[in-house]
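The structure appears right after this line, and notes come after that.
What you are looking at is a predicted structure, and each value in this text was computed from that prediction instead of being measured. Just so you know, these numbers use all the heavy atoms, side chains as well, and skip hydrogens, waters and symmetry mates.
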Amino acid sequence: MIELLGWVPLFPFLGFLILVFAGERLSKPIIPWVGAGSVGISALLTALIGAEFLRGTMEPYRMFSGYWMALDDMSVPFGFYLDALSMTMLFVVSGVGFLIHVYSAGFMESDPGYARFFAYMNLFVSAMLVLVLADNLVLLYLGWEGVGLGSYLLIGFWYEDPDNGHAARKAFVMTRIGDTSMALGLFLLFTHLHTFDIQFLMIRAGNEWTPGTWLPVVSAALLLGGALGKSAQLPLQTWLPDAMAGPTPVSALIHAATMVTAGVYLIARTHDLFLLAPSVQFAVGIIGAITLLIAGFSALAQTDIKRILAYSTISQIGYMFLALGVGAWSAAIFHLLTHAFFKALLFLAAGAVIFCFHHEHNIFKMGGLRKPMPLTFWSFMIGCAALSALPFTSGFYSKHEILLAAFEVSPVLWAAGCLGALITGIYSFRLVFVVFFGTQSQSVEKGIGWRMAAPLVLLGILALFGGLLQIPMDSVFPGSANTDTDHAFNLVSALTIAAPFAGLLIAVLFYLSGTFSAQRLANYGWARLVRQFFLSGCGFDAIYANLLVRPFVSIAKLNKNDVVDLLYLGIAWLSREFHRIARTSQTGRVRWYASSMALGAVFILAIGLLS
């Protein structure tokens, strides 16, 4: 069965081709069968391959399908590599992706771009599968750019609204900054190690490079730049909240389960290189800690249900970067897995609220939806409990492991993670209490069908019990920083567990019991300024607009005639002048031409004789 690995990314791509070339001629009921069905076949193949892989010795498997390009000493094959890490990513991309496709069949049914939507979704899933299976950096980069294209198309899906087009362009440009850094890193690695094969690269780097020298440090830093862009980490995080302009299933697929985890996967896959660059690896942890706090505080101030979850995603990816930075490679991938479950659940549950409640996004215009939408309510409760890392949920096991590993390396990073867990508890249950408790402002417009309900139920089960699905990573990350049961009853562990409960208690006091009033607190002048600061995402958009965008636009306006063009315009002017001078010799008189030729011949002979 494992020999069929190459078909896993192929089926969604075939679905994409069918929908692109025949989608307009297909009847509406057939479209989701092609779109969701092709991803479902990939998910089924992944389950069968995974069962065989886990039953065996879990030895890595390579599949070779011919060469993409071969020039002198450079060869780039179409090759796939399966190990515990790529197997985990396959489960996430195909499994969660399939559930989101099924949900989309109900959510997008009335949209006129139904076929186009599934075509874009299939293209994205296929590219992401190529990314996680690639055995070389060039093929990985193909998938990397493929998901970039897919995200651009899906974020700007409703392109009639200029704001959506702006959000898509912003995501494309911001991630291109990181992609440029990554491309430079690939060139540097190939120039010095003469291979693109990821496994051979890591072996050669370990054998030929000394830890801490400039080559591994610069290479790792360039790859980190690519990871920051794709995973929306500081300072390239500003594109993801605006990416909520796309349909809600897009948010669940791209910004919860797949694309934003690509940076985490890249660092984990090349972890041997980062071990050779300790300063860069520690920078990964610092960036993750700062990002998770900035995004957490920003989520506290948001009123749009999807933007709250968007900032939450940035924050949770920050936890994964924190784990990578302290060497807890397995914990980072474990949190990636559990995060895919509970964040996809939350986004789809938010989509159900938007779908049924007059397409409203402002949580303070909702309220009292607990009784008319019981399935959505419980989906939110489970999702927020896992997001907050309450005990016995999937998020608890992965986040707890990260924080204990962080404490072993740096108590400061652990403290930042605990503060982030406290903030997460506040904004998660603020969302639940405001939307589902209190007084209902309007009646629910419509209900959800089984296609939207079934994925919520399955993801709810995974969000609760997904912590039991951890795949052993010892073969991929030997010596990974992990914690043992000795920590289970000490003070650090107790404080780590208590942090989300403290956040839950604060949310209860402010947003459920009414003991304290968040509105009254926000009326104070300083509090209003702080809230506005966090509402703007800590002002990063304004910083970039003032420092980069506006100066660039001003320079472009001053240079609207293009100084560089003056050189070429000058050459053209000289050519015209020489032509005008030469044209005066064309008189049409034969005697003039004959005398000119004679004089020219005499001149040439004179030069020859004198020389």
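R430 is not listed as a side-chain neighbour of F510, based on a closest heavy-atom distance of 4.5 Å or more. Side-chain contact between R62 and Q199 is present, with heavy atoms from C-beta onward closer than 4.5 Å. The closest side-chain heavy-atom distance from I363 to Q302 is not below 4.5 Å. T376 places none of its side-chain heavy atoms less than 4.5 Å from the side chain of L369. Between F11 and V39, the closest side-chain pair of non-hydrogen atoms is not below 4.5 Å. Counting heavy atoms from C-beta outward, V93 and T46 have side chains that stay 4.5 Å or more apart. Two residues are said to be in side-chain contact when any heavy atoms from C-beta on lie closer than 4.5 Å; V508 and F429 fail this criterion. At a threshold of 4.5 Å between non-hydrogen side-chain atoms, the residues V92 and L336 count as touching.
Between the side chain of S38 and the main chain of V34, a donor-acceptor pair closer than 3.5 Å is present. Looking at T313, its side chain does come within 3.5 Å of a backbone N or O of L309 through a donor-acceptor pair. Of the possible donor and acceptor atoms, one in the side chain of T393 sits under 3.5 Å from a partner among the backbone N and O of L390. Side chain of S86 to backbone of Y81: a donor-acceptor contact under 3.5 angstrom is found. Judged purely by atom type and a 3.5 angstrom limit, Y397 has no side-chain atom pairing as donor or acceptor with the backbone of A389. Checked by atom type and distance alone, the side chain of S151 pairs as donor or acceptor with a backbone atom of G148 at under 3.5 Å. Listed for the Y103 side chain is a donor-acceptor partner under 3.5 Å among the backbone atoms of L348. Listed for the T291 side chain is a donor-acceptor partner under 3.5 Å among the backbone atoms of L234. Of the possible donor and acceptor atoms, one in the side chain of Q233 sits under 3.5 Å from a partner among the backbone N and O of I314. Y319 places a side-chain N or O within 3.5 Å of a backbone atom of A421 that can act as its donor or acceptor partner.
The environment of CZ in F392 is sparse: at most 12 heavy-atom neighbours from other residues, nucleotides or ligands sit within 6.0 Å. Annotation for F13: atom CZ does not count as buried by contact number, only 12 or fewer foreign heavy atoms lying within 6.0 Å.
The cationic atom of K306 (NZ for Lys, CZ for Arg) does not lie both less than 6.0 Å from the six-membered ring centre of F347 and within 45° of the ring axis.
When each of S398, S330, S394 is paired with H335, the side-chain hydrogen bond (donor to acceptor under 3.5 Å, both in side chains) condition holds for S398 and for no other.
When all heavy atoms of M452 and G106 are compared, the pair lying nearest together is SD-C, 4.0 Å. The two residues L375 and A453 make their nearest non-hydrogen contact at CD2-CB, 3.6 Å. The shortest non-hydrogen separation linking V96 to A344 is CG1-CB, 3.8 Å. Among all heavy-atom pairs drawn from S42 and W7, the shortest one is OG-O, 4.3 Å. In plain terms, the two heavy atoms of M259 and V147 that are nearest each other are SD-O, 3.9 Å. Across all non-hydrogen atoms, the minimal contact from P247 to M108 is CB-SD, 3.8 Å.
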Test log, rule side-chain contact (heavy atoms from CB on, under 4.5 Å), inputs H101 and V125
CA-CA 10 Å; H101 272 70; V125 170; 3.7 Å; yes
Let's go through F407 and V326 carefully: what are the C-alpha distance in whole Å and the side-chain angles of both, what is the deciding distance for side-chain contact (heavy atoms from CB on, under 4.5 Å) to 0.1 Å, and is it a yes or a no?
CA-CA 9 Å; F407 182 80; V326 299; over 6 Å; no
CA sep, side-chain torsions, deciding dist, call: S312, Y427, side-chain hydrogen bond (donor to acceptor under 3.5 Å, both in side chains)
CA-CA 9 Å; S312 169; Y427 70 68; 3.2 Å; yes
Between W414 and T496, is a side-chain hydrogen bond (donor to acceptor under 3.5 Å, both in side chains) present by the stated rule, with each step listed?
CA-CA 9 Å; W414 167 79; T496 304; 3.0 Å; yes
Quick one: do D83 and R269 satisfy salt bridge (charged side-chain N to carboxylate O under 4.0 Å, His left out)? Show the steps, please.
CA-CA 10 Å; D83 63 357; R269 175 57 73 197; 2.8 Å; yes
Show your working on ring-ring contact (aromatic ring centres under 6.0 Å, His included) between F437 and F377 and close with a plain yes or no.
CA-CA 10 Å; F437 290 81; F377 165 67; 5.8 Å; yes
Checking side-chain contact (heavy atoms from CB on, under 4.5 Å) for the pair I155/M244: CA distance, chi angles, key distance, verdict?
CA-CA 7 Å; I155 294 167; M244 298 300 105; over 6 Å; no
Stepwise, does the ring-ring contact (aromatic ring centres under 6.0 Å, His included) test hold for H339 with F342?
CA-CA 5 Å; H339 175 262; F342 62 72; 5.4 Å; yes
Could you walk me through whether V432 and Y511 pass side-chain contact (heavy atoms from CB on, under 4.5 Å), step by step?
CA-CA 9 Å; V432 171; Y511 300 102; over 6 Å; no
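The ring of F117 has its center closer than 6.0 angstrom to the ring center of F157. The distance between the ring centers of Y120 and F124 does not fall below 6.0 angstrom.
Taking the six-membered ring where tryptophan is involved, the planes of F355 and F107 are tilted, since the angle between them lies from 30° to 60°. Aromatic ring orientation, W329 versus F477: parallel (interplanar angle below 30°, classes split at 30° and 60°). A parallel orientation is assigned to the rings of H400 and F396, their planes being inclined by less than 30° (bins at 30° and 60°). Using a 30° and 60° split on the angle between ring planes, F436 and F380 fall in the tilted class, from 30° to 60°.
In terms of the salt bridge (Lys or Arg N to Asp or Glu O under 4.0 Å) criterion, residue partners of D242 (sequence neighbours excluded) are, by chain and number, K170, R307.
In this structure, the separation between CG on L82 and CD on E59 is 11.5 Å, given to the nearest 0.5 Å. The distance from atom OG of S428 to atom CG of L346, rounded to the nearest 0.5 Å, is 7.5 Å. Annotation: the span from S315 atom OG to L293 atom CG amounts to 7.5 Å, rounded to 0.5 Å. One distance of note links CG of L292 with OG1 of T424; it measures 7.5 Å at 0.5 Å rounding. For the atom pair I426 CD1 and L431 CG, the distance stands at 13.5 Å (nearest 0.5 Å). Atoms CG and OG, on L10 and S126 in that order, are 7.5 Å from each other to the nearest 0.5 Å.
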